[in-house]
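For the numbers below, each heavy atom of this structure counts, side chains included, while hydrogens, waters and symmetry mates do not. Note that this is a predicted model, so its numbers are computed, not measured.
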Amino acid sequence: MKKRYLVTRIFLCTILLLSHAVFPIPANFSEYSNHKSIIDSVQKDLESCKYQDAMEKLSDPNLQARDWDEEIAYYYRISKTPEKRKQEILHLIEKSYGSEKYLLKAEYAVLDCTPEKSLYWLGRINNKKLSRSWLYYRVLGFIHYQKQDLLASYEKLEQSYVINPKQPAVSFALFRISQQLDNPKNAFQWSRLFLGSAAAKDRFIQMKVRYYSLLDAIRLGKEKYYRYNLLKIRSQNPFQKKENEIVQYLQNTSEESPHLTNAMARHFLLYFPQSRELHQIVLSSCWEMATSCDAKEHLKERAVLFSQEIPPTIQYANYYLEKKKFPYALALLRRAFYLALTQDGLVFRKESLYLLQELYARMARMQDYRAISQLLKLSHKTDKLTFSILKSEVQVNHQNRELLVFALFWAKANKNKKGFAFFETALQERDRRMQSQELLLATRLMKYPEESIRFD
């Protein structure tokens with residue numbers, strides 16, 4: 001057993017190195033805590049545009065940990081490093097004059113993270129052709145990005161890309177900005193454009209973008225592209241036959257070093273996005289880290305990847321319940337209830353309803369609380385229900401949404417066309433009335449394809 005464990009460990013060290021894992025796994029996992037400060041320092045250097053300092057720290061032979069952030073991947077794998085580009089600009093400035101020189105100085109200032117200085121040089125450009133060039137808009141886009149104006153940054157970078165599409169760094173930046181703005185439609189568009197560029201030939205970058213493109217495809221209901229992307233990931237996965245060994249290894253080390261286990265599991269999720277075991281390892285190690293890790297994003301990713309399954313949706317809802325962000329929990333629990341009715345019919349799993357009842361009590365929505373109590377009773381005698389009984393219950397309980405959705409499924413199951421039309425109209429009117437409080441939040445949260453109940 002020990003020999004097998006050692007072989008597995010050596011195997012994982014080797015494949016991580018081959019898969020752009022720049023640093024080897026430490027022989028002793030406890031060493032990771034000694035190096036985490038270096039990783040944190042590298043992140044701060046990158047955020048402050050101290051690229052040379054970051055590079056020196058990353059080349060430290062004593063560094064035994066791996067940084068997994070896509071920003072480092074961006075700086076080192078998509079295009080030339082900013083420091084190298086700055087040297088090129090200095091050389092070009094010596095041969096340039098007038099507006100062309102000012103534009104180069106503006107680009108240099110952007111790379112130096114001095115947006116105000118960059119704006120000054122752009123303001124001195126009096127050449128109309130240059131002021132409408134792809135480089136001008138690119139520089140202006142990154143100025144806005146550094147000033148944290150994401151919408152303006154997106155607009156200018158998009159203009160730059162339209163003029164000159166051969167800019168993988170710009171398509172990647174637009175993809176990242178779309179993610180930050182929580183716009184899956186735009187993120188999906190830019191990820192596809194980036195994946196078609198030469199820069200996407202780098203396997204690590206490609207798998208990273210494909211993973212998030214997979215999430216966006218699900219959120220947008222693009223099933224054909226989702227299946228295509230999943231096949232691409234599988235066909236380019238060098239670890240395809242080693243999934244069980246990887247999972248077992250990470251399960252054995254999760255308690256010893258949750259930080260490193262979390263980082264490794266996140267890395268392998270790019271290659272095994274549908275692995276329930278890896279998703280659970282990420283969450284378990286995140287909870288082990290407590291204050292240094294927020295499980296929110298991964299809970300969301302898992303709920304999206306397994307969007308037709310109830311447990312991931314409920315677990316994500318529980319996160320918001322614990323954080324007392326009730327409108328978000330409400331949106332998710334309603335989806336879990338919808339999935340239960342869709343999959344189980346009128347004899348559905350009740351967990352989502354019990355949680356909804358608890359949530360309504362915490363939100364002091366006592367009418368809805370009582371409506372759920374009545375719905376739980378009705379769900380145990382579905383064979384005795386009639387249109388008149390359900391219509392009366394809906395009216396008495398002030399058009400509670402869960403009662404209306406249940407009534408729609410009852411009418412569909414019993415082929416009651418008149419009843420279906422009545423409850424459908426009532427639900428639409430109720431949703432229009434409550435839209436600003438509930439449905440907009442639900443849409444913004446998950447952006448699943450519209451949940452519809454049809455009378456077939």
Search all heavy atoms of [X] against all heavy atoms of [Y] and return the closest pair with its distance.
{"X": "K185", "Y": "L220", "result": "CA-CD1, 3.8 Å"}
{"X": "E424", "Y": "L408", "result": "N-CD2, 3.6 Å"}
{"X": "D216", "Y": "F188", "result": "OD2-N, 3.8 Å"}
{"X": "R234", "Y": "Q240", "result": "O-OE1, 3.3 Å"}
{"X": "R138", "Y": "S160", "result": "CB-OG, 3.4 Å"}
{"X": "P115", "Y": "I143", "result": "CB-CG2, 3.9 Å"}

Indicate, with yes or no, if the rings of [X] and [Y] have centres closer together than 6.0 Å.
{"X": "Y161", "Y": "W190", "value": "yes"}
{"X": "F406", "Y": "F409", "value": "no"}
{"X": "Y328", "Y": "Y316", "value": "no"}

Can you tell me if [X] uses its side chain to pair, donor with acceptor, with the backbone of [Y] under 3.5 Å?
{"X": "S153", "Y": "G141", "value": "yes"}
{"X": "S392", "Y": "I389", "value": "no"}
{"X": "N262", "Y": "S285", "value": "no"}
{"X": "Q146", "Y": "V110", "value": "yes"}
{"X": "H279", "Y": "L299", "value": "no"}
{"X": "N400", "Y": "E402", "value": "yes"}
{"X": "K381", "Y": "S379", "value": "no"}
{"X": "S284", "Y": "Q280", "value": "yes"}
{"X": "N252", "Y": "Q248", "value": "yes"}
{"X": "N414", "Y": "W410", "value": "yes"}

Working for side chain to side chain contact (heavy atoms under 4.5 Å, CB included), residues F272 and I246: CA-CA 11 Å; F272 302 103; I246 291 169; 4.1 Å; yes

Can you find a pair of side-chain heavy atoms, one from [X] and one from [Y], that are under 4.5 Å apart?
{"X": "L355", "Y": "N318", "result": "yes"}
{"X": "S352", "Y": "I310", "result": "no"}
{"X": "Q367", "Y": "N397", "result": "no"}
{"X": "Q189", "Y": "L193", "result": "yes"}
{"X": "P258", "Y": "W287", "result": "no"}
{"X": "V170", "Y": "W134", "result": "no"}
{"X": "L269", "Y": "H298", "result": "yes"}
{"X": "Q274", "Y": "L305", "result": "no"}

Does a sphere of radius 6.0 Å around [atom1] in [X] hold more than 12 heavy atoms from other residues, nucleotides or ligands, not counting ones at 6.0 Å or beyond?
{"X": "Q374", "atom1": "CD", "value": "yes"}
{"X": "E351", "atom1": "CD", "value": "no"}
{"X": "R362", "atom1": "CZ", "value": "yes"}
{"X": "Y369", "atom1": "OH", "value": "no"}

Separation between CG of L181 and OH of Y154, rounded to the nearest 0.5 Å: 9.0 Å

Atom pair CZ (R210) and CG (N229), whose distance is rounded to the nearest 0.5 Å: 5.0 Å

Side chain to side chain contact (heavy atoms under 4.5 Å, CB included) between L353 and F348, intermediate numbers included: CA-CA 10 Å; L353 268 189; F348 59 92; 3.6 Å; yes

Matching residue for S191 among S213, S178, S171 - test: side-chain hydrogen bond (donor to acceptor under 3.5 Å, both in side chains): S213

R401 with D431: basic N within carboxylate O range, under 4.0 Å: yes

Salt-bridge criterion met for D182 and R219 (N-O under 4.0 Å): yes

Side chain to side chain contact (heavy atoms under 4.5 Å, CB included) assessment of L356 paired with L330: CA-CA 7 Å; L356 276 165; L330 179 62; 3.7 Å; yes

Six-ring centre of F239, K241 cation under 6.0 angstrom, axis tolerance 45°: no

Parallel, tilted or perpendicular, as decided by the 30° and 60° cut-offs, for the rings of F142 and Y145: perpendicular

Test log, rule side chain to side chain contact (heavy atoms under 4.5 Å, CB included), inputs Q167 and F172: CA-CA 9 Å; Q167 298 184 81; F172 183 84; over 6 Å; no

